[in-house]
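As structure tokens, the structure follows; a few thoughts come after it.
Computed from heavy atoms alone, side chains included, the values below leave out hydrogens, waters and symmetry copies. For the single chain, residues carry numbers from 1 onward in sequence order. Keep in mind that what you see is a predicted model, and the values were worked out from it rather than measured.
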Amino acid sequence: MPTAPIMEPSDLISHKNGRQRKMTTLPSENMRDVDRGETSSPEPEVEEEAEGLIRGSDSEDRRRRKARPGIRGELGNILLLLFLYVLQGIPLGLAGSIPLILQSKNVSYKDQAFFSFVFWPFSLKLFWAPLVDALYFSRFGRRKSWLVPTQYLLGLFMLYLSLAVNSLLQRETGPCVVTLTAVFFMLAFLAATQDIAVDGWALTMLSRENVGYASTCNSVGQTAGYFLGNVLFLALESADFCNKYLRLEPKDTGIVTLPDFLFFWGIVFLVSTTLVAIFKRENEHGKGKRKVPEETQGVMETYKLLFSIIKMPTVFTFCVLLLTAKVGFSAADAVTGLKLVEAGVPKEQLALLAVPMVPLQILLPVVISKYTAGPRPLDVFYKAFPFRLLIGLEYALLVWWTPSVKQEGGFPLYYFAIVLLSYALHQVALYSMYVACMAFHAKVSDPLIGGTYMTLLNTVTNLGGNWPSTVALWMVDPLTWKECQGAVGQSCGSPEEAGLCVKEGGACVTTLDGYYVESVVCVVIGLAWWVWLGKKMKRLQEQSPAAWRCRINQ
């Protein structure tokens with residue numbers, strides 16, 4: 001079972017990160033003509049401009065036929081993009097590992113809920129993406145103006161954390177969750193900002209023939225970075241794992257410590273950013289490459305466009321449904337991994353279970369897309385919904401069963417096989433819903449403003465998964481019932497009362513775990529959503545294309 005909160009494919013796959021894409025708009029008169037299905041004769045100057053574009057396109061095609069750059073000619077740019085996306089995944093992977101480390105130090109679930117705000121920036125970056133796109137120093141470069149300072153700050157934050165993280169995690173009174181949350185939130189915020197800049201740069205760094213490799217670099221690079229910062233780090237940081245598999249003589253610590261890991265990547269960020277700032281020109285145009293004119297949409301115009309899209313009745317309804325659809329899965333997705341760690345499952349073993357899932361995560365979108373390519377992709381979403389709810393109940397049974405399986409030497413192999421199978425089934429249901437949702441986004445997005453439209457829907461989808469996870473973590477402790485055994489007249493209703501219970505020689509024993517209460521409540525809420533709102537979501541597919549088109553007053 002991966003880190004908690006469990007990352008959706010949203011966090012690793014390029015087109016779900018809510019990134020700001022370039023958009024084009026037509027004058028309002030043309031847009032009204034499109035809405036009515038009419039055509040109008042163009043103005044003379046428009047005709048002249050179109051003819052010029054055609055002539056330019058023909059000459060450009062002739063030049064491309066003479067000298068196509070190919071992937072070899074741009075291998076350096078592709079490798080640079082891949083490296084930048086790997087760097088982006090490092091802080092995300094580290095942020096995903098911290099909840100498991102905190103859980104091993106017995107922090108409260110309210111503290112875990114507070115730390116979960118770290119995962120919000122990638123779901124909210126649409127709100128500052130227009131600023132990144134419109135404000136820059138032209139001499140230095142449109143994308144480098146944001147990329148260079150952002151990565152410098154990422155490196156400096158990591159160096160600061162390498163000096164302070166031990167004191168933040170190992171205080172006598174418990175980990176300083178507020179400071180950890182603030183610092184890692186800034187790391188995630190900077191990584192999201194870097195993502196906006198790199199995405200924009202990818203469109204002009206590569207030629208038109210090779211620009212398709214940008215999404216591959218994003219998916220592979222960000223996944224690799226997350227793997228390095230999460231799975232690999234947790235494995236090398238674990239003394240048990242290193243002593244069992246990597247050492248001849250056992251030691252009390254792992255091969256790598258968190259301060260060492262942060263220091264290493266902080267230096268990598270600073271050095272690589274300096275090299276990019278000095279040696280990589282943003283506006284260079286080599287042989288076989290054309291200068292790509294980028295349209296700059298004004299900041300206020302972009303925000304007005306977003307507001308006009310949200311005001312549309314169909315989009316507003318769809319956004320409300322997206323924001324509430326994942327409530328039923330919140331306990332399973334956000335709390336299960338932490339509960340398994342609490343039950344004694346090694347956190348590095350849980351992280352390593354994500355490795356065999358990689359081939360499945362690559363194949364699933366390909367297979368599922370065959371069933372979502374038609375006119376009703378949300379039918380797949382609707383059918384997968386109850387199966388994912390049932391898997392949530394199965395997760396609760398797995399957590400309940402875990403303590404009885406534990407042995408002196410750890411957990412038997414068949415236990416991890418069952419966990420892996422459970423996680424694989426969860427991925428099938430999750431990807432079915434995810435691919436169906438993305439297919440519907442692509443189907444309804446107005447092509448005239450497709451970039452902003454898709455970005456908005458993807459952002460709402462991500463946010464619809466984040467806020468229920470935070471609430472689910474927050475509610476575990478209030479829903480948990482404990483009683484003081486061994487001390488008459490004492491209770492365990494609060495940390496202070498629990499402390500008095502222990503002073504009187506008693507012990508606080510959990511009589512009802514809030515996770516199980518949440519699991520049942522979430523499934524009930526999810527079933528209610530599926531019965532009533534799920535059908536409403538399916539009916540949105542019956543809306544005419546005009547109901548999704550946005551009228552913009554120029």
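A parallel orientation is assigned to the rings of Phe185 and Phe189, their planes being inclined by less than 30° (bins at 30° and 60°). Relative ring orientation between Phe114 and Phe117 is described as perpendicular, the plane-to-plane angle rising above 60° on a 0-90° scale split at 30° and 60°.
Taking every heavy atom of both residues into account, Ala113 and Thr470 meet most closely at CB-O, 3.4 Å. Summarising the geometry of Gly229 relative to Ser97, their closest heavy-atom pair is O-OG, 4.1 Å, with the distance given to 0.1 Å. Pairing each heavy atom of Leu82 with each of Cys217, the nearest pair is CD1-O, 3.7 Å. Considering every non-hydrogen atom in both Ala436 and Pro377, the closest pair reads CB-O, 3.2 Å. The two atoms that bring Pro99 and Gln112 nearest to each other are O-NE2, 2.9 Å, heavy atoms only. When all heavy atoms of Ala384 and Ala429 are compared, the pair lying nearest together is CB-O, 4.0 Å.
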Decide ring pair (Phe, Tyr, Trp, His ring centres under 6.0 Å) for His441 and Phe318; before the verdict, give the C-alpha distance in whole Å, the side-chain angles of both, and the deciding distance to 0.1 Å.
CA-CA 10 Å; His441 291 180; Phe318 187 48; 5.6 Å; yes

One pair to check against side chain to side chain donor-acceptor pair (under 3.5 Å): Trp529 and Thr324. What are the steps and the verdict?
CA-CA 8 Å; Trp529 190 98; Thr324 56; 3.0 Å; yes

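Within the 3.5 Å criterion, the main-chain N or O of Leu147 finds no donor-acceptor partner in the side chain of Thr150. Formation of a donor-acceptor pair under 3.5 Å by the Ser238 side chain with backbone atoms of Leu234 is not found in this model. Side chain of Asn218 to main chain of Ala214: no donor-acceptor pair is present (N/O by atom type, distance under 3.5 Å, no hydrogens or angles). Put simply, the side chain of Thr223 never gets that close to the backbone of Val220: no donor and acceptor are under 3.5 Å apart. Here the side chain of Trp146 pairs no donor or acceptor atom with the backbone of Ala197 at under 3.5 angstrom. Judged by distance alone, with hydrogens and angles left aside, the side-chain atoms of Thr179 form no donor-acceptor pair with the main-chain N or O of Cys176 at under 3.5 Å. Asn243 contributes a side-chain N or O that, together with a main-chain N or O of Ala239, makes up a donor-acceptor pair within less than 3.5 Å. Judged by distance alone, with hydrogens and angles left aside, the side-chain atoms of Thr511 form a donor-acceptor pair with the main-chain N or O of Trp481 at under 3.5 Å. Using a distance-only test at 3.5 Å, with no hydrogens or angles considered, no donor-acceptor pair links the side chain of Arg388 to the main chain of Lys326. Under the 3.5 Å distance criterion, the side-chain polar atoms of Gln194 are matched with a main-chain donor or acceptor of Leu84.
For the residue pair Glu237 and Thr257, no side-chain donor N or O sits within less than 3.5 Å of a side-chain acceptor on the partner. Residues Asn466 and Ser123 have side chains that bring a donor and an acceptor to within less than 3.5 angstrom of each other. Side-chain polar atoms of Gln103 and Tyr109 form a donor-acceptor pair below 3.5 angstrom. Between Tyr434 and Thr461, the side chains place no donor N or O within less than 3.5 Å of an acceptor N or O (distance only, hydrogens not considered). A donor and an acceptor atom, one from each side chain of Ser116 and Ser469, are nowhere located under 3.5 Å apart. Side chains of Gln361 and Gln427: a donor-acceptor N/O pair is present below 3.5 angstrom, by distance only. No hydrogens or angles considered: a donor-acceptor pair under 3.5 Å links the side chains of Tyr515 and Thr336.
Side-chain contact between Leu168 and Val177 is absent, with no heavy-atom pair separated by less than 4.5 Å. Looking only at side-chain heavy atoms (C-beta outward), Leu102 and Asp111 stay at 4.5 Å or farther from each other. For the pair Ile98 and Leu94, the minimum side-chain heavy-atom distance is 4.5 Å or more.
Counting heavy atoms of neighbouring residues, nucleotides and ligands inside a 6.0 Å radius, atom CZ of Phe387 does not exceed 12 of them. The 12-atom threshold is not exceeded at NZ of Lys244, counting heavy atoms of other residues, nucleotides or ligands nearer than 6.0 Å. For Lys383, the NZ atom counts as loosely surrounded, since its 6.0 Å shell holds 12 or fewer non-hydrogen atoms of other residues, nucleotides or ligands. Atom CH2 of Trp128 is surrounded by more than 12 heavy atoms from other residues, nucleotides or ligands within 6.0 Å. Other residues, nucleotides and ligands contribute more than 12 heavy atoms inside 6.0 Å of the OH atom of Tyr382. Within 6.0 Å of the OH atom in Tyr371, the count of heavy atoms belonging to other residues, nucleotides or ligands does not exceed 12.
Met357 CE to His426 NE2: the interatomic distance, rounded to the nearest 0.5 Å, is 11.5 Å. For the atom pair OG1 (Thr216) and CD1 (Ile78), the distance works out to 9.0 Å, reported to the nearest 0.5 Å. Rounded to the nearest 0.5 Å, atoms CG (Leu262) and CG (Leu187) are 8.0 Å apart. Separation of atoms OH (Tyr423) and CG (Leu350) is listed at 10.5 Å; rounding is to 0.5 Å. The line from CD of Glu518 to OG1 of Thr480 is 8.0 Å long, rounded to the nearest 0.5 Å. The distance from the NZ atom of Lys443 to the CG atom of Leu378 is 8.5 Å, given to the nearest 0.5 Å.
For Tyr160 and Phe263, the ring centers sit 6.0 Å or farther from each other.
Less than 2.5 angstrom separates the SG atom of Cys501 from that of Cys484.
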